[in-house]
There are 2 protein chains.
Amino acid sequence: MKREKIKTTPRCQRSNCPVACTLDLLGDKWTLLVIRDLFMGKHTFKAFQESPENIPSNVLAERLKRLENEQILQRKLYQERPPRYSYHLTDKGRDLGPVLQAMLMWGNTHVPGTMSKEDIDKLIQGAHG
Amino acid sequence: MKREKIKTTPRCQRSNCPVACTLDLLGDKWTLLVIRDLFMGKHTFKAFQESPENIPSNVLAERLKRLENEQILQRKLYQERPPRYSYHLTDKGRDLGPVLQAMLMWGNTHVPGTMSKEDIDKLIQGAHG
DNA sequence: CCGGATCCGGTCTGATACTG
DNA sequence: CAGTATCAGACCGGATCCGG
């Protein structure tokens, strides 16, 4: 299982603007949702899949690999046989908290999103073990 | 020129999570770059095109329409013949400042982005007439 | 059953060319 | 200058398969 090579992971693809560079890494419909789930305390492939947005398994697998490559998350073997992995934010990944929080605020203000306050607080607080 | 109908602009497509809703609107490689440019004081189609990321003209046109539909920006006729429009953030659009700022911070910290400090400050300050 | 990998049709993106 | 038309190719997402 070659976890080394992903198709596209050059550093700054389009310009030297930090916003553009960030968008090159996270600028799609799914990546930040995986990160949201990590902040929410989800750690397994299955948990990510069970989020209400129903991410396809191949997309999820690819995103996890990419985020691992970028050292935004770490993958840990937590069970030998059968092999089971859990995914955890690195410091670099945890630094995305403000991005997520800003999006949460904006969505909450400008879209009739109905996420519960508890979940929001849970998300804002951040991650853990 | 029918500026009313865009293909996909339902409100919350995938879930009621504010983050997911926000990503449904802005979660692609280009939209937030247009917003960044607006914050940087750019207002015309040409100015957006001249950004170093080289957004294709059709993508730019589609994004501008969508953002206008979502009332994130406003389009103003500033010249009669030939008709010329300028684009400006609404309050809703200006509220995206923190999202942009958070991405800017993260990119600046974790990617060797080399945008000048002046431009960053300019961006952070926000928009204007 | 879980964590993916593979296949595959359809959609969307983006480079280029074109128009008013 | 401000877009629209076109179109090949990339990508998404659903289904299915498979190793442990």
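Letters go in sequence order (proteins before strands), and every chain restarts at 1.
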Q: Grab the CG-C1' distance between A:Asp24 and D:dC11 for me, whole Å please.
A: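 Distance, rounded to whole Å: 16 Å.
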Q: Tabulate protein N/O versus nucleotide N/O from nucleotides 18-20 of chain D, keeping only pairs under 3.5 Å, one per line.
A:
| unit_1 | atom_1 | unit_2 | atom_2 | d |
| --- | --- | --- | --- | --- |
| D:dG20 | N2 | A:Arg84 | NH2 | 3.3 |

Q: With sequence neighbours left out, what residues match A:Glu50 under side chain to side chain contact (heavy atoms under 4.5 Å, CB included)?
A: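 Applying side chain to side chain contact (heavy atoms under 4.5 Å, CB included) to A:Glu50 gives A:Lys46.
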Q: Over how many whole Å does the gap from A:Leu60 atom CG to C:dC2 atom P extend?
A: 14 Å
Q: Does D:dA2 have OP1 or OP2 sitting under 4.0 Å from an N or O in the side chain of B:Lys46?
A: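 Looking at the OP1 and OP2 atoms of D:dA2, neither is under 4.0 Å from any side-chain N or O of B:Lys46.
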Q: Could you list the residues that satisfy side-chain hydrogen bond (donor to acceptor under 3.5 Å, both in side chains) with B:Asp28, not counting sequence neighbours?
A: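 With sequence neighbours excluded, B:Asp28 shows a side-chain hydrogen bond (donor to acceptor under 3.5 Å, both in side chains) to B:Thr31, B:Arg63, given in chain and number order.
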Q: Looking only at the side chains, is there a donor atom on one of A:Thr90 and A:His88 sitting less than 3.5 Å from an acceptor on the other?
A: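 No, because no side-chain N or O of A:Thr90 sits under 3.5 Å from a partner of the opposite role on A:His88.
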Q: Within this structure, what is the NE2-to-P distance between B:His43 and D:dC1, rounded to whole angstrom?
A: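 In whole Å, D:dC1 P lies 18 Å from B:His43 NE2.
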Q: List the residues meeting side chain to side chain contact (heavy atoms under 4.5 Å, CB included) with A:Pro52, not counting sequence neighbours, and say none if there are none.
A: B:Ser15
Q: Report yes if some heavy atom in the side chain of B:Pro18 is under 4.5 Å from a heavy atom in the side chain of A:Trp106; otherwise report no.
A: no
Q: Suppose we screen for side-chain hydrogen bond (donor to acceptor under 3.5 Å, both in side chains). Which residues come up paired with B:Arg14, at least two apart in sequence or across chains?
A: B:Asp24
Q: Between the two ends of the helix from C:dC1-D:dG20 to C:dG20-D:dC1, what is the bend in degrees, rounded to 10 degrees, where each end axis spans five pairs?
A: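 Computed angle between terminal axes is 20°.
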Q: Under the side chain to side chain contact (heavy atoms under 4.5 Å, CB included) test, which residues partner A:Glu80, sequence neighbours left out?
A: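 Checked A:Glu80 against side chain to side chain contact (heavy atoms under 4.5 Å, CB included); matches are A:Leu77.
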Q: In whole Å, I'd like the distance from the CD atom of B:Glu53 to the P atom of C:dG14.
A: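 Roughly 12 Å, once rounded to whole Å.
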Q: Please state how far atom CG in A:Leu64 lies from atom P in C:dG3, giving the value in whole angstrom units.
A: 11 Å
Q: Within the sub-3.5 Å range, which N or O atoms of nucleotides 12-14 of chain D have a protein N or O partner, and how far apart are they?
A:
| unit_1 | atom_1 | unit_2 | atom_2 | d |
| --- | --- | --- | --- | --- |
| D:dC12 | OP1 | A:Arg63 | NH2 | 2.8 |
| D:dG13 | OP1 | A:Trp30 | NE1 | 3.4 |
| D:dG13 | OP2 | A:Trp30 | NE1 | 2.2 |
| D:dG13 | N7 | A:Asn58 | ND2 | 3.1 |
| D:dG13 | O6 | A:Asn58 | ND2 | 3.3 |
| D:dG14 | O6 | A:Asn58 | ND2 | 2.8 |

Q: Could you tell me whether B:Arg66 and B:Glu62 make a salt bridge, using a distance below 4.0 angstrom between a side-chain N and a carboxylate O?
A: yes
Q: Would you please name every residue forming a side-chain hydrogen bond (donor to acceptor under 3.5 Å, both in side chains) with A:Asn58, sequence neighbours left out?
A: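 So A:Asn58 forms no side-chain hydrogen bond (donor to acceptor under 3.5 Å, both in side chains) with any residue.
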Q: Measure from OH on A:Tyr85 to P on C:dA5 and round the result to the nearest Å.
A: 10 Å
Q: Distance check needed: D:dA2 C1' versus B:Phe45 CZ, whole Å only.
A: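 To the nearest whole Å, that distance equals 6 Å.
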Q: Filter on salt bridge (charged side-chain N to carboxylate O under 4.0 Å, His left out), then keep only pairs touching residues 99-110 of chain B, sequence neighbours left out; what's left?
A: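 As it turns out, there is no salt bridge (charged side-chain N to carboxylate O under 4.0 Å, His left out) pair with a partner in residues 99-110 of chain B once direct neighbours are skipped.
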Q: Please identify each residue that fulfils side-chain hydrogen bond (donor to acceptor under 3.5 Å, both in side chains) with B:Asp91, with sequence neighbours left out.
A: B:Arg94
Q: Taking only the side-chain nitrogens and oxygens of B:Tyr87, find out if one of them lies under 4.0 Å from OP1 or OP2 of D:dG3.
A: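 Yes, because at least one side-chain N or O of B:Tyr87 sits under 4.0 Å from OP1 or OP2 of D:dG3.
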